[in-house]
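Data first, discussion second: the structure below is written as structure tokens.
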Amino acid sequence: MSGYRIPFNKPGLVGHELTYIADAILRGHSSGDGCYTSRCHELLQRELACHRALLTTSCTHALEMCALLLDIQSGDEFIVPSFTFVSTANAFVLRGAKPVFIDVRPDTLNLDEALLEELITPRTKAIVPVHYAGVGCEMDVITSVAERCGAKVVEDNAHGLFARYKGKYLGTFGQLATQSFHETKNVICGEGGALIINDPAYAERAEIIREKGTNRSRFFRGEVDKYTWVDVGSSFLPSDLLAAFLFAQLEKYQEIRSTRQRIWQTYADGLSEWARNSGVSLPEIPSYAEQSYHMFYLLMSSLDVRARLIEHLKARGILAVFHYVPLHLSEMGIHFGGRPGAYPVTESVSDRLIRLPFHNDLSPNDQAEVMESIRAFRC
Ligand SMILES: Cc1ncc(COP(=O)(O)O)c(C=O)c1O
């Protein structure tokens with residue numbers, strides 16, 4: 001992403017990251033589950049009011065833990081939007097399950113809940129909604145369909161930390177949910193994630209799976225006198241150095257949120273007239289959603305117009321990017337039966353969406369320049 005005067009993303013510091021990392025080193029605990037990991041767990045549990053939050057090395061790994069916790073096996077099916085990142089599907093495919101893709105709504109770009117019922121089969125084990133851009137999916141419908149068919153809900157909330165649906169935090173609706181702290185997200189630590197556990201029945205096994213299949217967490221709490229191999233698992237816990245970085249960001253989450261809200265609103269206000277006159281759509285936020293201000297995107301009228309806008313901005317030193325090649329049209333997706341035309345909204349959106357530079361340090365001048373350049377573009 002270098003070489004652009006105005007990059008798409010710029011991961012930065014918001015507070016005490018460097019002091020906390022130094023402190024973690026000086027404490028002599030740089031492996032996982034040190035004091036900064038506990039602080040992150042406590043903060044997430046307190047703010048989200050979830051049963052447990054466990055830091056992981058990525059959202060991808062948190063999703064893999066979900067598939068293990070739900071005992072996903074060969075022959076199982078899970079419903080997942082085609083318009084998402086590969087990890088949302090791969091985590092379950094790794095355990096042998098078959099993705100059943102679902103199209104998205106043209107307004108929020110979230111899975112279209114009206115299409116859910118017809119995709120349910122006796123093999124449906126999980127529904128995996130993605131809160132695209134941190135705008136909540138229709139969780140009332142999704143959770144009631146899941147309850148009726150006995151499927152579990154795993155919310156991929158990579159974009160939506162501290163956003164809400166009808167007043168309740170995203171990530172607290174499904175039995176399980178996942179967060180990302182990758183450097184492109186709102187709250188970051190380079191690479192990182194979290195598993196959010198809302199159904200207490202999964203908490204003990206989650207600790208074991210995260211600690212290489214051992215009961216080491218119980219050992220550290222003094223509940224057993226030695227630890228040993230008790231289940232499948234892997235090494236899903238991050239170093240406390242990353243947790244130290246993350247804690248410094250998490251404790252500033254409200255400031256980060258207001259900064260991003262200002263940036264988002266400036267784009268929305270500054271581009272609305274141009275968009276109206278140019279056949280371009282801006283993000284739609286339903287009244288039930290309090291979004292996370294994760295991204296600002298434009299939906300252009302065609303693939304060709306989008307390619308021209310990307311080039312137009314590039315010529316001015318500005319990097320804007322597209323998002324998500326539909327999973328059902330990827331090599332793996334085709335292997336699972338995907339074919340062109342199957343999910344028309346996904347295909348259309350994927351051709352037309354462009355994400356504008358958006359990060360916590362985007363200066364008013366740079367943002368003004370991005371908007372000026374866009375307004376100078378003839379669609
Ligand atoms: C919807 C979604 N889920 C999962 C991920 C994977 O996150 P991570 O990089 O933390 O593994 C991403 C990455 O951007 C994403 O957009």
Side-chain angles (χ1 to χ4, degrees), residues 1 8-9 11 40 44 53-68 78-94 99 101-105 108-111 126-137 139 142 153-163 165 170-171 173-174 176-196 210 234-239 242-243 245-246 249-250 283 291-297 321-328 330 332-333 346 349-350 353-355 358-359:
M1 301 233 174
F8 169 70
N9 182 48
C40 291
L44 287 168
L54 291 174
L55 292 195
T56 56
T57 32
S58 61
C59 182
T60 301
H61 272 165
L63 286 160
E64 288 177 23
M65 285 184 68
C66 293
L68 284 164
F78 64 104
I79 299 177
V80 64
S82 170
F83 189 64
T84 184
F85 191 67
V86 284
S87 300
T88 324
N90 232 350
F92 297 82
V93 168
L94 261 175
F101 295 117
I102 184 167
D103 210 350
V104 291
R105 291 165 45 144
T108 56
L109 317 188
N110 284 332
L111 72 73
I127 301 174
V128 192
V130 175
H131 303 297
Y132 187 71
V135 175
C137 295
M139 291 314 293
I142 295 170
V153 174
V154 175
E155 298 172 70
D156 180 340
N157 196 28
H159 305 173
L161 183 64
F162 300 127
Y165 167 82
L170 303 185
F173 290 87
L176 300 167
T178 62
Q179 302 294 156
S180 174
F181 304 118
H182 182 263
E183 69 164 27
T184 50
K185 302 303 186 295
N186 296 16
V187 170
I188 63 172
C189 67
E191 297 276 0
L195 172 68
I196 306 297
R210 180 169 166 272
S234 190
S235 187
F236 289 123
L237 71 174
S239 155
L242 283 180
F245 191 106
L246 181 62
Q249 295 252 325
L250 279 174
Q291 59 156 323
S292 61
Y293 304 102
H294 175 53
M295 70 169 88
F296 196 90
Y297 61 80
V321 299
F322 52 83
H323 213 195
Y324 299 150
V325 175
L327 289 186
H328 73 282
S330 66
M332 276 294 278
T346 297
V349 161
S350 164
L353 188 140
I354 172 167
R355 296 174 66 186
F358 202 141
H359 54 84

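Computed from heavy atoms alone, side chains included, the values below leave out hydrogens, waters and symmetry copies. First listed ligand is number 1; within each ligand, the first listed atom is number 1.
Partners of Phe85 under the ring pair (Phe, Tyr, Trp, His ring centres under 6.0 Å) rule, at least two apart in sequence or in another chain, do not exist in this structure. Take Ser292 and apply the side-chain contact (heavy atoms from CB on, under 4.5 Å) test, not counting sequence neighbours, and it matches Ala163, Asn186, His294. Listed by chain and number, the residues in a side chain to side chain donor-acceptor pair (under 3.5 Å) with His61 are Thr57 (sequence neighbours excluded).
Judged by distance alone, with hydrogens and angles left aside, the side-chain atoms of Thr56 form no donor-acceptor pair with the main-chain N or O of Phe236 at under 3.5 Å. Side-chain N or O atoms of Asp103 include one that pairs as donor or acceptor with a backbone N or O of Thr346 at under 3.5 Å.
Not less than 6.0 angstrom separates the ring centroid of Tyr165 from the ring centroid of His131.
For ligand 1, the 4.0 Å heavy-atom shell takes in Ser58, Cys59, Thr60, Thr84, Phe85, Thr88, Val130, Asp156, Ala158, His159, Ser180, His182, Lys185, Gly192, Tyr324, ordered by chain and residue number.
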